[in-house]
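Structure, as structure tokens:
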Amino acid sequence: MGIANTPFLTFLSLIFLISIFSSQASADSTQFLKCMKSKCLDSVSISKVIYTPINSSYTPIYEYSMRNPRFNQTTRLKPQVIVQPVSESQVQTVVYCAKKYGMRLRIRSGGHDFEGLSYSSTYDIPFVLLDMINLRAISVDPVAKTATVQAGATLGELYYWIYRASDTLAFPAGVWSTVGATGLICGGGYGPLRRMYGLAADNVIDARIIDVKGRILDRKAMGEDLFWAIRGGSCSSFGVILSWKLNLVVVPKTVLSFTLFRTLEQNATDIIYAMQSVAPKFPNELEMRMRISTIQSNTSARADGKTVEFAIGGLYLGTGGVEAALKIVQSTLPELGMVKEDFVELTWIQAIMISSFFNLFDDNYKPEDLLDRTFLADIPTKAKSDFVREPISKKGLNGFWNKMLEVGVGETTVIFTFYGGKMDEYSESALPFPNRAGTLYMVYTRVLWVGNTTEKLEWIRSLYSYLAPYVSKNPRRAYSNYNDLDLGVNDPTGSIGYLDARKWGKQYYNHNFKTLVMVKTRVDPENFFRQEQSIPTLSLWSDM
Ligand SMILES: Cc1cc2nc3c(=O)[nH]c(=O)nc-3n(C[C@H](O)[C@H](O)[C@H](O)COP(=O)(O)OP(=O)(O)OC[C@H]3O[C@@H](n4cnc5c(N)ncnc54)[C@H](O)[C@@H]3O)c2cc1C
Ligand SMILES: *[C@@H]1O[C@H](CO)[C@@H](O)[C@H](O)[C@H]1NC(C)=O
Ligand SMILES: *[C@@H]1O[C@H](CO)[C@@H](O)[C@H](O)[C@H]1NC(C)=O
Ligand SMILES: *[C@@H]1O[C@H](CO)[C@@H](O)[C@H](O)[C@H]1NC(C)=O
Ligand SMILES: *[C@@H]1O[C@H](CO)[C@@H](O)[C@H](O)[C@H]1NC(C)=O
Ligand SMILES: *[C@@H]1O[C@H](CO)[C@@H](O)[C@H](O)[C@H]1NC(C)=O
């Protein structure tokens with residue numbers, strides 16, 4: 001650190017900055033397009049998957065996988081070129097030509113990025129959108145209990161093809177079917193099976209990636225350090241994921257599902273206060289989570305008729321049926337007042353579709369709906385996350401609910417997801433996602449991006465400040481898949497990365513951030529793969 005201020009290094013950094021600016025100045029989409037046509041073996045077929053703003057299909061193609069409408073009409077930079085490759089060699093050509101002609105890359109699979117970074121840029125630097133949607137083949141081997149998934153597949157597509165192959169196999173990932181399998185794995189990825197089988201990233205056996213040199217590398221060729229990094233440490237900092245080989249896990253033919261609704265007037269605060277210590281210690285076969293929202297209710301104790309509603313949901317995958325499940329909950333959480341009738345028996349695929357997210361789905365939905373990439377409504381939101389390691393006091397919880405009541409009914413949603421179980425068996429550094437042993441639950445907070453959005457942004461920031469004393473500290477943790485540009489952004493030139501990035505880097509990855517920086521420096525020393533919150537390279541004047 002000390003030597004960083006010497007004139008010699010300042011001079012070096014100046015040269016480096018100049019060279020970066022000059023390479024940006026040469027960014028040239030015309031040359032990029034020429035390169036694509038000349039390097040691709042079949043120039044006719046490549047022209048069918050390249051879109052520029054002059055093509056009338058550019059906007060529909062761009063918006064098709066824009067899963068957060070908050071980014072629909074922003075002043076952000078859009079891609080100069082969109083490419084939707086149909087073969088791996090076309091992806092290689094995109095990387096080669098973008099690098100050669102100074103175009104940056106944004107890589108999109110499911111398009112759910114919380115900050116829209118997979119398709120838009122807050123930097124004024126031209127970029128190519130590499131959209132993986134056409135590379136989404138899935139093959140399931142029920143005997144070996146594995147699946148091979150191309151990068152562009154959604155969770156719904158993965159779940160559907162697993163279901164077609166077996167009624168007792170599953171992949172432990174999230175429940176929102178339009179989320180991309182790749183983006184989810186790239187940040188760790190948790191879901192209803194986390195307490196039995198850990199994260200999605202824990203169940204990845206192999207991966208294929210294109211590195212900055214355009215080489216296709218599998219696990220053996222990329223090395224264990226890079227294979228570790230891409231399972232939760234942000235893939236787009238390291239290359240382009242082509243496909244994953246996944247370990248499938250065994251689930252019962254039928255499972256028990258429940259969703260109970262409680263309001264503040266039904267002593268919900270007492271229930272949640274107790275639940276914080278109890279739910280992370282349930283047997284691994286029982287998982288619980290909770291969606292918290294504000295409603296208008298004629299039983300409200302408030303003059304304005306508003307109250308907070310808690311949808312307490314989960315699954316039981318253990319033996320002994322309803323009696324066994326009920327006994328666990330009644331003996332440890334009597335405050336909830338759970339009864340036999342709260343349980344519904346469902347097949348695994350029904351559990352994923354019907355119950356898994358607090359009765360959001362209807363009985364009439366068919367497994368084929370999982371294949372529909374626009375099946376679920378896209379909601380414009382701004383969100384944040386936290387991890388809780390000590391139970392929040394009743395006073396703290398009451399203050400939380402009061403903050404929620406500050407915005408209009410239905411304008412905010414909070415989700416608590418209880419950890420423990422298998423999650424506790426991993427050390428912080430097992431994978432880049434560090435929130436394992438000792439984590440009680442994750443908190444997701446979001447506000448609807450409607451009405452006066454300046455006010456909405458101020459409100460969610462004030463909620464974040466309010467929660468500070470009650471959540472993890474030093475660093476205050478956040479989930480990298482719930483990325484939040486309020487935590488900090490890289491310098492657009494990518495040249496003074498580490499020191500600036502350390503603040504948010506430690507929030508997402510804690511001590512693993514340093515390791516990620518080392519891996520990044522080895523595999524992409526010139527920092528070609530970069531965006532607002534990519535892993536920086538280690539440069540001469542950093543203090544590592
Ligand atoms: C409604 C909703 C529900 C969610 N539920 C869950 C949940 O239950 N559990 C959970 O863990 N998370 C959940 N998430 C978070 C989700 O995991 C992240 O938003 C994830 O990044 C989305 O992946 P994607 O492929 O859809 O997004 P994209 O926007 O396509 O990509 C996200 C990031 O991954 C990079 N990336 C995408 N494809 C590639 C590739 N082929 N190679 C290299 N980098 C790539 C992008 O550049 C970007 O940085 C949810 C998000 C939403 C909006
Ligand atoms: C976009 O327009 C260019 C120029 O007219 C054309 O060559 C190309 O094929 C078009 N792309 C698609 C996907 O139709
Ligand atoms: C974006 O906004 C336009 C104009 O209001 C609308 O037609 C389009 O459907 C929107 N797209 C998305 C993805 O929200
Ligand atoms: C809430 O708690 C109070 C005091 O413990 C109790 O009297 C009341 O019956 C409870 N209400 C409900 C709905 O459980
Ligand atoms: C309160 O609302 C419920 C359903 O929302 C309704 O069934 C009930 O009759 C209402 N009670 C009063 C007193 O208005
Ligand atoms: C939105 O809210 C901000 C902050 O409260 C306020 O300053 C601004 O005037 C509001 N804008 C509109 C259009 O109402």
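These values consider heavy atoms only, across backbone and side chains, with no hydrogens, waters or symmetry-generated copies. All ligand and atom numbering here is 1-based and tracks the order in the structure.
At least one N or O atom of G183, backbone or side chain, sits closer than 3.5 Å to an N or O atom of ligand 1. In terms of N/O distances under 3.5 Å, ligand 2 is approached by S47. Any N or O atom pair closer than 3.5 Å counts here, and G110 shares at least one such pair with ligand 1. Considering backbone and side-chain atoms alike, T178 places every N or O at 3.5 Å or more from each N or O of ligand 1. Among the atoms of T182, none of the N or O lies under 3.5 angstrom from an N or O of ligand 1. At least one N/O-N/O distance between I241 and ligand 1 falls below 3.5 Å. The N/O atoms of G111, backbone and side chain alike, include one that comes under 3.5 Å of an N/O atom in ligand 1. Every N/O-N/O distance between V179 and ligand 1 stays at or above 3.5 Å. Some N or O of N55 is nearer than 3.5 Å to an N or O of ligand 2, by distance alone. The N/O atoms of N452, backbone and side chain alike, include one that comes under 3.5 Å of an N/O atom in ligand 6. When only interatomic distances are considered, the shortest N/O to N/O separation between I107 and ligand 1 falls below 3.5 Å. Annotation: R108 places no N or O atom under 3.5 Å from an N or O atom of ligand 1; distance criterion only.
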Assess the residue pair K384 and D486 against the criterion (salt bridge (Lys or Arg N to Asp or Glu O under 4.0 Å)); give the C-alpha distance rounded to whole Å, side-chain angles, the decisive distance to 0.1 Å, and a yes or no. CA-CA 9 Å; K384 291 180 179 287; D486 284 350; 2.7 Å; yes
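The aromatic rings of Y419 and F433 sit tilted, their planes meeting at an angle between 30° and 60°.
Contacts of Q531 with ligand 1, taken as heavy-atom pairs under 4.0 Å, involve the side chain alone. Contacts with ligand 1 closer than 4.0 Å are made by side-chain heavy atoms of A151 only, the backbone lying farther away.
With a 6.0 Å cutoff to the six-membered ring centre and a 45° limit on the axis angle, R436 counts as a cation-pi contact of Y426. Under a cutoff of 6.0 Å and an axis angle of 45°, R106 and Y119 do not form a cation-pi pair. Judged by a 6.0 Å distance limit and a 45° cone about the ring axis, R446 is not positioned over the six-membered ring of Y444. Geometrically, K506 does not engage F513 in a cation-pi contact, judged by NZ or CZ lying under 6.0 Å from the ring centre and within 45° of the ring axis.
Residues F528 and R104 form a side-chain contact, since some pair of their non-hydrogen atoms from C-beta on lies under 4.5 Å apart.
Residue F114 holds the heavy atom nearest to atom 51 (C) of ligand 1 of all those in Y482, W176, F114. Nearest to atom 32 (C) of ligand 1 by heavy atom, out of D131, V91, D113, is D113.
Atoms of ligand 1 found under 4.0 Å from any heavy atom of V240 (numbered from 1 in listed order, with element): 42 (N). The atoms of ligand 1 that sit less than 4.0 Å from any heavy atom of L184 are 9 (N), 10 (C), 11 (O), 12 (N), 17 (O), 20 (C), 23 (O). Close contacts of ligand 2 with I50, meaning ligand atoms under 4.0 Å from a residue heavy atom, involve 11 (N), 12 (C), 13 (C). Heavy-atom proximity to G174, at under 4.0 Å, picks out these atoms of ligand 1: 7 (C), 8 (O). Near Y190, meaning under 4.0 Å from one of its heavy atoms, ligand 1 places the atoms 7 (C), 8 (O), 9 (N), 10 (C), 11 (O). Applying the 4.0 Å criterion to heavy atoms of G180 picks out, from ligand 1, the atoms 23 (O), 24 (P), 25 (O), 26 (O).
Judged by the shortest distance from any of its heavy atoms, G239 lies inside the 4.0 Å radius around the atoms of ligand 1. Assignment of G191 to the shell around ligand 1 is not supported, since no heavy atom sits closer than 4.0 Å. Within the structure, the closest approach of Y119 to ligand 1 does not fall below 4.0 Å when heavy atoms are considered.
Two rings, from F32 and Y101, have their centers 6.0 Å or more apart. Close placement of the Y482 and F114 rings is indicated, their centers lying within 6.0 Å of each other. Between F282 and F418, the ring centre distance reaches or exceeds 6.0 Å. For Y365 and F375, the ring centers are positioned less than 6.0 Å apart.
Using modelled atom types, one side-chain atom of N512 and one backbone atom of P432 make a donor-acceptor pair closer than 3.5 Å.
Nearest heavy-atom pair, A200 versus I185, reported as atom, atom and distance to 0.1 Å: CB-CG1, 4.1 Å.
For atom 7 (O) of ligand 2, the nearest protein heavy atom lies 4.0 Å or farther away. Within the 4.0 Å cut-off (strictly below), a protein heavy atom is located near atom 3 (C) of ligand 6.
In this structure, the protein non-hydrogen atom closest to atom 5 (O) of ligand 2 is I54 CD1, 4.3 Å.
Among R195, K422, R194, the one residue that satisfies the salt bridge (Lys or Arg N to Asp or Glu O under 4.0 Å) test with E287 is R194. T178 pairs with exactly one of E157, H112, R67 by the side chain to side chain donor-acceptor pair (under 3.5 Å) rule, that one being H112.
Annotation: the span from W459 atom CH2 to Y464 atom OH amounts to 14.5 Å, rounded to 0.5 Å.
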